[in-house]
Amino acid sequence: MVPLIKFHQLNRDAILGRVRAALQTGDTHDALAEFVASVDWSAVTEGGSIGRLLGEVELLNDSYIEGEIPFARYLGELQALIERNEPVPVAD
């Protein structure tokens, strides 16, 4: 059994890191399903941007698992999610 991750311990980089790792290992949908299921939301009243990002990951994963989107689109959408949520470098 996977240990629970307290929602308040998550940040954007942690979520994007899990998505990147899942893409690199090739065990994408299983790894992301396990990650999303391991988040403990019990003390959360408002998820904010972290809740929305986690929800996007879950929605994409569920859409693929349920056959609503093909694998290539799933991978592309996960990569796009990473790109949309990475910090924009500030020029000096």
Side-chain angles (χ1 to χ4, degrees):
M1 179 168 186
V2 177
L4 290 180
I5 302 167
K6 299 285 185 189
F7 180 86
H8 70 274
Q9 294 175 321
L10 288 175
N11 59 37
R12 181 197 65 219
D13 292 337
I15 296 169
L16 296 179
R18 290 291 187 111
V19 174
R20 275 189 207 92
L23 287 168
Q24 290 172 352
T25 64
D27 188 28
T28 315
H29 63 281
D30 287 336
L32 291 177
E34 186 175 282
F35 168 61
V36 170
S38 72
V39 176
D40 178 5
W41 290 73
S42 64
V44 178
T45 56
E46 174 61 40
S49 62
I50 298 303
R52 283 190 293 279
L53 180 56
L54 197 56
E56 280 186 74
V57 172
E58 184 174 26
L59 178 62
L60 281 171
N61 212 48
D62 288 350
S63 294
Y64 170 68
I65 290 169
E66 294 173 8
E68 296 172 7
I69 59 175
F71 189 64
R73 180 173 169 198
Y74 169 66
L75 295 178
E77 293 287 339
L78 287 172
Q79 188 60 46
L81 178 133
I82 291 170
E83 292 168 7
R84 278 194 315 274
N85 288 282
E86 285 186 321
V88 177
V90 177
D92 292 331

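The model shown is predicted, which means the values in this text are computed figures rather than measured ones.
Scanning all heavy atoms of the two residues, the minimum distance from Ala31 to Ala22 falls at CB-CB, 4.0 Å. Contact between Ile69 and Leu60 at its shortest, heavy atoms only, is CD1-O, 4.1 Å.
Using a 4.5 Å cut-off on side-chain heavy atoms (C-beta onward), Ile50 and Phe7 make contact. A heavy-atom distance below 4.5 Å is found between the side chains of Ile5 and Phe35. Considering only heavy atoms from C-beta on, Ile82 comes within 4.5 Å of Leu23 through its side chain. Residues Tyr64 and Thr28 fail the side-chain proximity criterion, which asks for heavy atoms closer than 4.5 Å. Proximity of Leu81 to Leu16: side-chain heavy atoms (C-beta onward) are separated by under 4.5 Å at one or more points.
Under the 4.5 Å side-chain heavy-atom criterion for ILVMFWY residues, a single connected hydrophobic cluster contains both Val36 and Trp41. Both Val44 and Leu10 are assigned to one and the same hydrophobic cluster, defined by single-linkage of ILVMFWY side chains at heavy-atom distances under 4.5 Å.
Of the inter-residue distances, the one linking Leu54 atom CG with Leu59 atom CG reads 11.5 Å to the nearest 0.5 angstrom. Here the CD atom belonging to Gln24 is positioned 8.5 Å from the CZ atom belonging to Arg20, to the nearest 0.5 angstrom. Separation of atoms CD1 (Ile65) and NE2 (His29) is listed at 6.0 Å; rounding is to 0.5 Å. To the nearest 0.5 Å, the span separating CG on Asp40 from NE2 on His8 amounts to 9.0 Å.
At distances below 3.5 Å, at least one donor-acceptor pair connects side-chain atoms of Arg12 with backbone N or O atoms of Asn85.
At a threshold of 4.0 Å, the pair Glu34-Arg18 does not count as salt-bridged, since none of the basic side-chain nitrogens sits closer than that to a carboxylate oxygen. A salt bridge links Arg73 with Glu77: at least one charged nitrogen is closer than 4.0 Å to a carboxylate oxygen.
Remark: the Asp27 side chain and the Thr25 side chain contain no N/O donor-acceptor pair separated by less than 3.5 Å.
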